[in-house]
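To start, the structure itself, in structure tokens.
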Amino acid sequence: MGRLLKGPAFFQSGVRMRFRLLLWTAVFALAAPAAAGPQDKPQGKAAEQKGPEAAKKKEYVGSETCAGCHDEIYSNFTKKNPHAILETNKKRGWETKACEACHGPGSVHAETNSADDIRSPKNMKAAAIDEMCLSCHKNQPTHVGRLQSSHARNNVACTQCHNVHATGAESTQAQYRQAAGINKKCASCHSDVWASFQKPYRHKLNEGAMACTGCHNPHASFLNKNLRLTSGTEPGCMACHSDKRGPFVFEHAPVKNEPCSICHEPHGSANPRMLARAQVLNLCLECHSNIQSPPKATTAGGVPPAIHDLRNPRFQNCTICHQKIHGSNANGAMLR
Amino acid sequence: MRIWLALALPLALLAQGPANNTKEAKGTKTRHAKSTKARLVKTSTTARVADPAPAVPAAEAQQPGQKAEVQPEQKKEEKPAESPAPVAEKAVSGYIDLGARWVGWAGDRNTYRSVVNLGQGVRLVGMDTAYEPTGSKWLDSARLQMFNWGGDPYNTARLDLLKRGKYRYLGTYSNVAYFNNLPSYADPTLAKGVYFDQRSYDSTIRNLDNDLQIFPGGRFIPYFGYTRNSGNGYGVTPLVEVSNEYALRNVVDWHNDEIRGGLRIEMRRWHVTIEEGGRRLDDNQQVYSTGPLTGNRTTPYLGQTLTLTSGQQQYRIRSQGEYTKGLLTANPWDWLDLSGSVVRTRPKTDANLYQTQNGTLVSPVSSTTFLTAQTDTLYGNATMPRVSWSAGAEARAAGRLRLRESFESDRFHTDGTSTLLSNYIFKNGGNGTSTLPDGERLEVSQYREQVEALYDVLKHFTIRGGFRYVWGDSVMRASSFSINGPTDRLDLKRYSGLAGFSARPFSRLSLTGDFDITNGVKTYYRTGLMDTNTYRLLGRLTLPKNFFFNANYLYFTNDNPDPGVNYHYKSQAATGSLQWIPNSGKNISIVADYTYSQIKSDINFLNPASLTPLASPYRDFANTGVLLANLRLPFSKTYSGRLSFGGSFITTHGTRPTNYFQPQGRLQLPVTQRLEFFSEWRYYGMHQELYGYEGFRAHTYTGGVRLLL
């Protein structure tokens, strides 16, 4: 789009096709309201109280009434579910009405027994589900940066990962206590990523020693790929690889201003050091191939001195000599 | 043979008599039905909490047709006499898996250890226990989990203590062995890789994390944390001298300790977290020789054979830094969400290096002068002040429209200086010294702004579109390989168009599309992100009879058309996933995935010796399959076991063809109500066509018992 804004270059590039796609998307978005059907009613306690006439008729009947038919759910809910605190805690405003905290006033539903008369996440749009859950959970630190997270942008509702009613071994709490349970849930959508973990050189997720959430925060992050931060501002990789954090007297700049994935395949690789190329020399020399320095060259990475005779395998294994490749405190060429 | 032995072992235990688990289940169900009725009469919460009825799907508990007929008035007419006496909740629950493993392997042992590394012997395979006392003043629950203890290359533990409203402590520990004998480069035309194990490790990385929250769930939540990350072990690493390098023993010994504390204030409309933390890294690496070495050089240097008779290197690195972090979320009105963060850090490093080497060496000052001994003493320090902040907002001014905007800023620089003092003993007699001051500065500023609109076209059809602008600059000394080279300033500039949709045309089908089209203007590195296209499509179909089908497609390209770069990268992945989990998997569950992925990368690089361009093509075409099936084995009306089988395979062709197979099977048989036997077989087989020595096959058999608490 940089070129797109430059004018003529746009028409010479393959961007035209993509621009049309965006244009049609925008046109469709503007035209759609005319054909749009009814939307979900506003959710939340305030909305229920201020809602349309029909909503006003609904009243809170208390969890005891719900338990009359949904005894199983209620029984488990009060025993093991963290949301059970709503039932007894006076400060939260839902005392004895925990069910209706999420499902809304149940008086009409109790009379008709119709699923249409109660708020159910199964029938709600993702944004409405999120709004329902986040009416309590929004103001928590894990949701800082939620708006940029790919889950929020792609309408992945809270209930796609969290099963609010399940208890025991089936409960979200129990499953997410183990790395295997977390990984299983993430893999159910990100199956292409899980396929990478079947490669021989990988982080130990298959073995249950690590979880996806060790590096990613599924709720929110300001970083790409929902990456976690550690020690304030460092990417999550440094939580386990503290020795590569620095600061170093001589930095290898990409370690600091590019993600680790510029050199490594963090999920799985055919290279024993989880590199993004089969051999280390390709990885290094693909960048270190500029004869001239900027501004004549558009990128950084000078070509190594001529003593690096690639016919000799000794010079093909770059990290044998440049061993402090993540940063050195003693040598600008990272030899020690 | 051992497979049969492992599978046959449980049969001997069956002679002890079948477990009456089905009867127990029936009994529980009856008891549950009775308790259900009883609860209709008893309305006190206490009675409900005391009921131990297990989870049964609602469909079993009540038939849909009966639902409308049951009225509260009718319920009160039920006889209280049918209610069973409340059974006290079990205070201790969970399981402990104890077992022993046998390993049989063939092929390259070091490759097996670099990839799998499972050993033999008695193990605590797994343990997941909970202690939930009733009426305790200080404890609602204590949960302890431990997996793979007793010599396995990775073991984990987790302790979770909770008293609702008072505190929550969460401690986790992991110990992952890092054995790696394989090089990042090996010559595929040779029987054995060149410089095969000159960068090898036999070490472990441990993580200990402790987190204590006071008054969880309250408005004001103070919290404290302590984290320790450490690496210990041995390895091999070269001591690099002028014109030659020598592989020496390496001691890995570092640990990073971090403490943090803060206060979370969680109000209904806003939340603030203030955290202060600090860390300290102690890194004490050592390198030492165990005998004379001739090094990697195979030819004489100016007529002399370079040797190292003894060498030693001692690093002492101390790095520390404090950070201050502030987080904010707020929704001052129902239609507006705000969030933001500020982090300020100022880490610094002090490093000392002491190095001695004796032998026939080349002087680093004059390449025609030979030395018999050299001693280096180095002191270096570096600081990295950094301030990052971000802010985001979502406005829902109109019913269907959501507008999101976010901005991020990340600015830091590293300032490093060092002084190297060297003493030489020349081969032709005499001494010499030199002092080399050096240092480097790296400056990085990066920003990102993103605006996006989400519009609910229909109830279950949302589209979104937006724009992202990423820009920044770096000043570095990376363009020249010369240590004293000039600094260069580089810019980063990328414009992205964002689009996407999520739709649920009918209740059983959901579709998601995510598109990101970026035109890069400037990037730091030749393989950095420039003109990128990302398309992601995800479909999920729920079929009758508890079938779920997922399809996933990812397409990504990165091109840098600059004539001096000419980089083209493309990756694709298509996945189909099928799940069949009827009746919550009580009798059978099957999960199967298949993925086809490909990576194509083309770029030229310059041969440093001749400055002629060489092609660097990289290809990786992979077929991956994962299967996990779980079956109940109904041996009789009163006795059943469970059989799990499946595993994964990946077979790739391209630049580094690799086949890796991991099938597995597990049999689980109850012996008594509190004892089960399990037997597990796993196979690991790896073959790399061009790197034949990096191949192995291994069978592991684990037999053991599960104690149910």
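No hydrogens, no waters, no symmetry mates; every other heavy atom, side chains included, goes into these values.
With a 4.5 angstrom heavy-atom cutoff, B/Thr595 touches chain A only via side-chain atoms. Contacts of A/Ser188 with chain B are made by both backbone and side-chain atoms, with heavy-atom separations under 4.5 Å. Interface residue B/Phe147: only side-chain heavy atoms are found under 4.5 Å from chain A. Contact annotation for A/Leu147: both backbone and side-chain heavy atoms come within less than 4.5 Å of a heavy atom of chain B. Using a 4.5 Å cut-off between heavy atoms, B/Ala351 contacts chain A through its side chain alone, with no backbone atom that close. The parts of A/Lys199 that come within reach of chain B are both its backbone and its side chain, each placing non-hydrogen atoms under 4.5 angstrom from that chain. With a threshold of 4.5 angstrom between heavy atoms, A/Ala174 does not approach chain B through any atom at all. Neither the backbone nor the side chain of B/Lys493 comes within contact range of chain A; no heavy atoms are under 4.5 Å apart. Using a 4.5 Å cut-off between heavy atoms, A/Ala220 makes no contact with chain B at all.
A distance-only check finds no donor-acceptor pair linking the side chain of A/Gln198 to the backbone of A/Ala195 [under 3.5 Å].
A salt bridge does not link A/Arg177 with B/Asp160: none of the charged nitrogens is closer than 4.0 Å to a carboxylate oxygen. Ion pairing between a basic and an acidic side chain is recognised when a charged N comes within 4.0 Å of a carboxylate O; B/Arg269 and B/Asp334 show such pairing. For B/Asp456 and B/Arg402, the salt-bridge test passes: some basic side-chain N is under 4.0 Å from an acidic carboxylate O. The pair B/Asp410-B/Arg386 meets the salt-bridge criterion, since a charged nitrogen lies less than 4.0 angstrom from a carboxylate oxygen.
Of all the listed residues (A/Leu335, A/Leu310, A/Asn154), the one sharing the greatest number of non-hydrogen pairs under 4.5 Å with chain B is A/Asn154.
Using a 4.5 Å cut-off on side-chain heavy atoms (C-beta onward), A/Thr299 and B/Thr523 make contact.
Under the rule for a side-chain hydrogen bond (donor to acceptor under 3.5 Å, both in side chains), the partners of A/Gln279 that lie at least two apart in sequence or sit in another chain are B/Tyr691.
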